[in-house]
Amino acid sequence: TQSTWGAMKPRVRTDRLIGLLVAEIGDRRCAAMRELSLLLLHNLAVLPGNEAGLVLISKQRGISSQLISYIEDGESTMILDERRLSKSDREQLEGFGPSEDMMVRAARCLQRIATVASWQVNQHRARLLCLITSSILQSRVLQGLASVIYELQES
């Protein structure tokens, strides 16, 4: 059987792939696919000289919201871990929820999107400010979010 991807133009195919990756970031059922999608989008967004890919990513509906939700999920997981679990339980659940590295990647994607489409990220400024004031997120994540806010101020 012929694939539905076969007859499409390369740009349409790329746009559809990016749309599927964005949808996977929002799907909380499979953490592995969520992280893989974020990793691929991050690599496309920060690739030097790949402005066309960055523009395609920034045009995806809901990309900013999905990335911010990913970081918010990480924050929620950290809060639950801190409140409910003893130290030994935390060590057993290491790796549960979004990792610091993946949250940093989400923040870097947001920063790159803000450079080409600040309107896409600007509508979520209040959510970003709430995350920046979080006392539980690690400094690398907070630095990434602060750079997004800075990028929004510059545009």
Side-chain angles (χ1 to χ4, degrees), residues 1-8 10-47 50 53-114 116-117 119-145 147-148:
T1 63
Q2 185 177 0
S3 150
T4 58
W5 294 72
M8 292 184 203
R11 181 178 170 118
V12 173
R13 207 175 301 153
T14 305
D15 193 40
R16 186 168 173 194
L17 173 64
I18 291 172
L20 289 171
L21 292 174
V22 170
E24 284 295 330
I25 290 174
D27 187 1
R28 292 178 174 95
R29 291 178 294 179
C30 183
M33 284 301 295
R34 197 174 187 201
E35 287 195 359
L36 178 63
S37 298
L38 176 59
L39 182 66
L40 292 172
L41 282 175
H42 170 264
N43 289 344
L44 283 172
V46 300
L47 187 66
N50 187 27
L54 181 59
V55 168
L56 280 175
I57 292 170
S58 66
K59 287 183 178 180
Q60 291 298 317
R61 193 169 149 209
I63 180 67
S64 299
S65 179
Q66 299 291 9
L67 292 170
I68 293 170
S69 291
Y70 186 86
I71 298 169
E72 289 170 339
D73 289 348
E75 178 193 32
S76 298
T77 301
M78 290 175 179
I79 290 170
L80 286 174
D81 286 351
E82 187 174 275
R83 289 184 183 166
R84 293 186 182 166
L85 302 175
S86 67
K87 184 175 178 168
S88 63
D89 289 338
R90 273 189 225 133
E91 290 169 359
Q92 290 175 351
L93 288 177
E94 190 67 32
F96 179 74
S99 66
E100 176 187 1
D101 182 57
M102 296 308 285
M103 289 189 286
V104 170
R105 289 175 190 262
R108 286 188 64 205
C109 278
L110 280 169
Q111 180 188 10
R112 292 288 290 153
I113 291 168
V116 296
W119 57 271
Q120 179 76 282
V121 182
N122 204 23
Q123 60 188 341
H124 303 287
R125 185 181 295 242
R127 289 171 70 192
L128 288 169
L129 290 172
C130 284
L131 284 170
I132 286 176
T133 59
S134 172
S135 61
I136 200 158
L137 289 175
Q138 292 93 349
S139 63
R140 288 180 48 212
V141 179
L142 294 174
Q143 287 170 352
L145 293 171
S147 65
V148 173

I'd like to check the side-chain contact (heavy atoms from CB on, under 4.5 Å) partners of [X]; sequence neighbours left out, ordered by chain and number.
X	value
Gln120	Ile63, Ser64, Ile113, Ala117, Gln123
Ile136	Glu75, Met78, Ile79, Glu82, Ser134
Cys130	none

Shortest non-hydrogen contact between [X] and [Y], atoms and distance:
X	Y	result
Met102	Leu39	CE-N, 4.0 Å
Ser69	Arg28	CB-NH2, 3.9 Å
Arg112	Ala45	NE-O, 2.9 Å

Apply side-chain contact (heavy atoms from CB on, under 4.5 Å) to the pair Gln66 and Gln60, showing each step before the final yes or no.
CA-CA 10 Å; Gln66 299 291 9; Gln60 291 298 317; over 6 Å; no
Are any of the side-chain heavy atoms of [X] and [Y] separated by less than 4.5 Å?
X	Y	result
Val22	Ile57	no
Leu137	Glu100	no
Arg140	Asp101	yes

Would you compute the distance between atom [atom1] of [X] and atom [atom2] of [Y] and round it to the nearest 0.5 angstrom?
X	Y	atom1	atom2	result
Ser58	Leu110	OG	CG	11.5 Å
Asp73	Tyr70	CG	OH	8.5 Å
Ile68	Arg125	CD1	CZ	11.0 Å
Ile71	Leu131	CD1	CG	6.5 Å
Ile18	Leu40	CD1	CG	10.5 Å
Leu17	Leu41	CG	CG	8.0 Å

Within 6.0 Å of CZ in Arg127, more than 12 heavy atoms from elsewhere:
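Yes, CZ of Arg127 has more than 12 neighbouring heavy atoms, counting only those of other groups under 6.0 Å.
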List the residues meeting salt bridge (Lys or Arg N to Asp or Glu O under 4.0 Å) with Arg61, not counting sequence neighbours, and say none if there are none.
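Per chain and number, Arg61 pairs via salt bridge (Lys or Arg N to Asp or Glu O under 4.0 Å) with no residue.
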Under the side chain to side chain donor-acceptor pair (under 3.5 Å) test, residues paired with Glu24 that sit two or more places apart:
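Checked Glu24 against side chain to side chain donor-acceptor pair (under 3.5 Å); zero matches.
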Which residues pass the side chain to side chain donor-acceptor pair (under 3.5 Å) test with Asn50, not counting sequence neighbours?
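So Asn50 forms no side chain to side chain donor-acceptor pair (under 3.5 Å) with any residue.
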Please walk me through it: do Arg11 and Leu56 pass side-chain contact (heavy atoms from CB on, under 4.5 Å)?
CA-CA 9 Å; Arg11 181 178 170 118; Leu56 280 175; 3.7 Å; yes
Are the side chain of Arg105 and the backbone of His42 linked by a donor-acceptor contact shorter than 3.5 Å?
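Absent.
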